[in-house]
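Each remark here refers to the structure printed beneath this line.
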2 protein chains.
Amino acid sequence: MTDGPHKLTTTRVAERAGVSVGTMYQYFPHKQALIYALNERYLDALAGRIEATCAAHHGAPVAKGVEALIDVYWQAKTERPDLTRALYRSVADMDNRALIEAFATRTDFATTAMLSSATDASFADVNSINRTLVTVIFGAVRNAFERNLAGPVAEDVRAQLVVMCRAYLEASLSRPPARTSLSSTK
Amino acid sequence: MTDGPHKLTTTRVAERAGVSVGTMYQYFPHKQALIYALNERYLDALAGRIEATCAAHHGAPVAKGVEALIDVYWQAKTERPDLTRALYRSVADMDNRALIEAFATRTDFATTAMLSSATDASFADVNSINRTLVTVIFGAVRNAFERNLAGPVAEDVRAQLVVMCRAYLEASLSRPPARTSLSSTK
DNA sequence: CCTCAAACTGAATGATCCTTCATATAATGG
DNA sequence: CCATTATATGAAGGATCATTCAGTTTGAGG
């Protein structure tokens with residue numbers, strides 16, 4: 001299903017799935033429903049991975065958790081570039097509000113839980129911080145992906161993204177375990 | 001040109017431009033060329049605004065500069081949501097490597113210059129930091145935009161994005177004006 | 001081996017949209 | 001005012017798909 005050439009046509013998807021167009025229409029009423037299902041499956045798997053990662057880092061230092069989060073997402077988007085691209089594109093052509101919403105909810109829940117459970121830090125407004133973190137990570141990864149950054153450069157961006165998120169968290173501690181040197185809004 | 005309903009068809013664009021399809025084909029050989037031109041114009045204007053912002057913050061504290069950068073970009077993407085959406089979408093349907101490339105080059109140049117010129121900070125690897133900053137900002141803004149965050153929430157994300165970038169810069173100073181409490185990779 | 005239903009097939013249909021071109025309108029200059 | 005050229009128009013041509021459906025294959029039960 002890691003489609004190659006270009007458009008996600010019904011015939012092409014059917015072929016790739018090893019059936020004829022007609023058969024496909026026995027399982028999905030529209031093309032939209034089909035694409036929706038593809039995205040649903042993808043997002044469901046992705047959410048699953050994220051949840052697993054977050055669960056695995058309950059109680060771990062936030063720094064570790066965020067890095068792990070960045071890694072799964074990065075990995076997920078990069079491991080099958082064609083699929084990623086095809087889905088990103090397909091999403092532009094239809095109303096996917098519900099899917100994105102569901103994904104965001106699951107994700108937010110998982111990441112918030114991870115952040116809150118960290119024993120080495122506590123944050124005043126976890127929701128705000130979490131929302132920002134997720135928005136930044138997902139956005140940055142997508143942007144990096146779409147810019148087709150070459151290997152080492154991509155790697156650098158990924159690493160720096162980790163640094164950035166950590167710096168943000170450290171700056172946002174409500175009861176800093178160490179002293180921060182943050183110049184408030186100088 | 002702030003297109004409303006959905007697809008960017010040749011007829012629709014022509015209408016919006018106040019001419020007939022035929023006339024349009026006297027100025028653009030393909031639809032592709034047309035869309036390309038639209039994007040070119042948009043990106044050119046955007047790059048211009050970014051350059052202006054950066055120029056206006058030469059020698060200013062980095063914190064100010066980054067905030068300004070975030071603001072222009074955010075503003076540019078939100079002020080005409082339909083246009084933004086239409087262009088994001090159109091970009092998925094064609095080879096726009098060259099445009100993105102050109103935009104990235106101009107942008108990188110401007111932001112790097114701004115960062116380097118700051119008198120209150122100096123960075124070891126400006127290129128890496130700049131690349132990361134730009135990727136994160138552009139990506140996060142897009143992501144926030146596409147999530148259709150409600151007014152106050154959006155505002156919060158924007159503000160937090162500023163906080164985050166500042167924290168990152170502070171953590172990346174090569175000769176810290178104050179002491180950093182950064183736990184290296186604990 | 002036969003029957004019937006379920007599942008499959010892919011050519012035909014119709015919609016949408018890019019592109020062309022025969023024709024009309026405007027502008028220029030003599 | 002006419003001739004000539006530049007510019008504009010939008011219906012028609014042709015491609016590409018999504019979607020349908022008449023007909024075929026498959027498989028279970030008898």
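Quick note: numbers below take in every heavy atom, side chains included, and nothing from hydrogens, waters or symmetry partners. Here is how names work: the chains are called A, B, and so on, in the same order as the sequence lines, proteins then strands, and each is numbered from 1.
- You'll find that the side chain of A:Thr10 is closest to D:dA18, out of C:dC18, D:dT9, D:dA18.
- Distances from the side chain of B:Lys7 to the nucleotides D:dA18, C:dC17, C:dC8 place C:dC17 closest.
- One interatomic measurement links the two molecules: CD of B:Glu15 to P of C:dC18, which rounds to 12 Å at whole-angstrom precision.
- Within the 3.5 Å criterion, the main-chain N or O of B:Glu40 finds no donor-acceptor partner in the side chain of B:Asp44.
- Between A:His30 and B:Gln26, it is B:Gln26 whose nearest contact on DNA chain D lies nearer the 5' terminus.
- Looking at the side chain of B:Tyr25, the nearest of the listed nucleotides D:dC17, C:dT19, C:dT9 is C:dT19.
- Taking atom CZ of residue B:Phe28 and atom C1' of nucleotide C:dT20, one finds them 18 Å apart after rounding to whole Å.
- Within 6.0 Å of CD on A:Glu101 lie no more than 12 heavy atoms contributed by other residues, nucleotides or ligands.
- For A:Met24 and D:dC17, the CE to C1' distance is 12 Å, given to the nearest whole Å.
- A donor-acceptor pair is defined here as one N or O able to donate and one able to accept, closer than 3.5 Å; such a pair exists between the side chain of A:Thr84 and the backbone of A:Lys77.
- Taking every side-chain heavy atom of A:Ser20 into account, C:dT9 is the closest of C:dT19, C:dT9, D:dA18.
- Atom CZ in A:Arg12 sits roughly 17 Å away from atom C1' in C:dG10 (whole-Å rounding).
- Listed candidates were D:dT19, D:dT9, C:dT19. Nearest to the side chain of B:Val21 is C:dT19.
- For CD of B:Gln75, the number of neighbouring non-hydrogen atoms (other residues, nucleotides, ligands) closer than 6.0 Å is greater than 12.
- Listed candidates were C:dC8, D:dT19, C:dC18. Nearest to the side chain of A:Tyr27 is C:dC8.
- Rounded to a whole Å, the CG atom of A:Leu8 is 18 Å from the P atom of D:dT16.
- Under 4.0 angstrom from either OP1 or OP2 of C:dA7 there lies no side-chain N or O belonging to A:Thr23.
- Closest approach to the B:Thr9 side chain among C:dC17, D:dC17, D:dA8 is made by C:dC17 (side chain taken as heavy atoms from C-beta onward).
- The backbone N or O of A:Leu87 lies less than 3.5 Å from a partner atom in the side chain of A:Ser90, making a donor-acceptor pair.
- For B:Lys31 and D:dA15, the NZ to C1' distance is 14 Å, given to the nearest whole Å.
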